[in-house]
Protein chains: 2
Amino acid sequence: MATQKLNKTHAHSACPMDSLLQTISGPWTSYILWLLSSQGTLRFGELKAKMPGISSKVLTERLRMLEGAGLVNRDYKPTIPPSVSYSLTPRGTELKDVLDGLNVLALRWHAEDTEVEA
Amino acid sequence: MATQKLNKTHAHSACPMDSLLQTISGPWTSYILWLLSSQGTLRFGELKAKMPGISSKVLTERLRMLEGAGLVNRDYKPTIPPSVSYSLTPRGTELKDVLDGLNVLALRWHAEDTEVEA
DNA sequence: TCCTTTAGTTACTAATCGGAACCTACTTTT
DNA sequence: AAAAGTAGGTTCCGATTAGTAACTAAAGGA
């Protein structure tokens with residue numbers, strides 16, 4: 001359990017939103033959510049292949065964190081070699097909708113800034 | 001410039017949302033936005049007083065970052081001792097509205113979880 | 001003269017993050 | 001029969017990063 005830098009040092013977050021924000025930010029997290037939402041269920045190796053540069057360790061960490069947050073399902077099949085698939089939970093889907101709203105803002109601002117610079 | 005762990009190592013974020021997420025997460029950031037949106041313009045010392053446990057360095061960092069992201073206005077008056085006030089920009093206000101949506105989700109989930117546990 | 005106030009810096013230390021290498025339990029290749 | 005490969009991770013360790021504590025400036029007040 002490494003990725004829990006959350007609200008450990010300071011308990012200023014009476015609001016659960018802060019911990020939710022912590023959960024979904026970080027290098028690869030929103031990318032994982034986006035992949036799972038746009039491509040459905042994916043296996044560990046498939047995810048890794050779609051994220052060039054990520055290490056197994058980091059991908060595992062992120063997925064475990066998202067699973068712990070109830071945003072991602074982990075489906076483990078103890079075959080040999082084992083098969084593990086990930087998919088979004090209903091909450092994950094809900095969250096993705098809100099993130100899309102954020103994305104709209106980000107894109108608009110980006111467009112505005114680019115326009116101004118041009 | 002300390003809080004810029006952003007997408008330095010990996011440039012996987014073609015999407016501006018990721019950097020926006022990085023900007024607004026982190027220990028105190030959303031709390032600052034909330035204070036400024038609910039209480040209007042505040043001076044550095046006032047902010048610090050309302051955030052028990054934060055250090056000057058961290059508060060400065062966060063404010064500078066938010067200013068750099070165009071979410072917060074910094075109004076410096078070179079009196080002795082100097083007076084510095086902070087307030088939300090229009091973008092900061094827009095963002096806060098979206099964050100409220102996220103907050104609604106977070107609160108609902110929190111409520112659901114509490115209910116289940118009870 | 002010394003202390004207080006405001007808004008930060010600097011210096012230092014503690015924590016965290018991520019990459020490289022390793023692992024399991026079986027299957028396929030040589 | 002031995003070696004290599006596969007899937008999905010762990011473990012170890014170094015480098016970065018974040019945060020706390022102490023210091024600063026410049027004027028006014030006791």
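Excluded from the calculations below are hydrogen atoms, water molecules and symmetry mates; all remaining heavy atoms, backbone and side chain alike, are included. Naming: A, B, ... by sequence-line order, numbering from 1 per chain.
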Colleague: Mind listing the closest non-hydrogen atom pair of A/Leu88 and A/Asn73 along with its distance?
Modeller: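 So the minimum-distance heavy-atom pair works out to O-ND2, 4.0 Å.
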Colleague: To the nearest Å, give me how far apart CD (A/Gln22) and P (C/dC17) are.
Modeller: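 Spelled out: CD on A/Gln22 to P on C/dC17 is 10 Å.
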Colleague: So does B/Arg62 get a side-chain nitrogen or oxygen closer than 4.0 Å to the phosphate oxygens (OP1/OP2) of D/dG19?
Modeller: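 For D/dG19, OP1 or OP2 has a side-chain N or O of B/Arg62 closer than 4.0 Å.
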Colleague: Measure up the A/Trp28 and A/Tyr31 rings against each other and bin them: parallel (under 30°), tilted (30 to 60°), perpendicular (over 60°).
Modeller: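 Ring orientation of A/Trp28 relative to A/Tyr31: tilted.
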Colleague: Looking across every strand, which nucleic acid part, if any, lies under 4.0 Å from A/Thr79 by heavy atom: base, sugar-phosphate, or nothing?
Modeller: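 No contact.
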Colleague: When the distance from CD of A/Glu61 to P of C/dC17 is rounded to whole Å, what number comes out?
Modeller: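 Computing the A/Glu61:CD to C/dC17:P distance gives 7 Å.
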Colleague: Set out, line by line, the N/O atom pairs under 3.5 Å between protein and nucleotides 21-30 of chain D.
Modeller:
none

Colleague: Rounded to whole angstroms, how far apart are CE on A/Met51 and C1' on C/dG18?
Modeller: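 Distance, rounded to whole Å: 14 Å.
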Colleague: Roughly, in whole Å, what's the span from CG in B/Leu59 to P in D/dG19?
Modeller: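 My rounded result for the distance is 12 Å.
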Colleague: Taking the side chain as C-beta and beyond, is there a heavy-atom pair between A/Glu94 and B/Leu105 under 4.5 Å?
Modeller: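 Yes, side chains in contact.
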Colleague: Can a side chain N or O of A/Arg64 be found less than 4.0 Å away from OP1 or OP2 on D/dG9?
Modeller: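 Answer yes for this pair, as a side-chain N or O of A/Arg64 is under 4.0 Å from OP1 or OP2.
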Colleague: Check whether any side-chain N or O of A/Tyr86 sits under 4.0 Å from OP1 or OP2 of D/dG9, and answer yes or no.
Modeller: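 Yes, because at least one side-chain N or O of A/Tyr86 sits under 4.0 Å from OP1 or OP2 of D/dG9.
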Colleague: Rounded to whole Å, please give me the gap between CD1 in A/Ile54 and C1' in C/dG19.
Modeller: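 Spelled out: CD1 on A/Ile54 to C1' on C/dG19 is 12 Å.
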Colleague: How close or far is atom P of C/dA7 from atom CG of B/Asp75, stated in whole angstroms?
Modeller: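 Atom-to-atom, B/Asp75 to C/dA7, this comes out as 11 Å.
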Colleague: Can you sort out which residues in residues 42-50 of chain B have a heavy atom within less than 4.0 Å of DNA chain C? Ascending by number, please.
Modeller: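 Of all residues in residues 42-50 of chain B, the ones placing a heavy atom under 4.0 Å from DNA chain C are B/Arg43, B/Phe44, B/Gly45.
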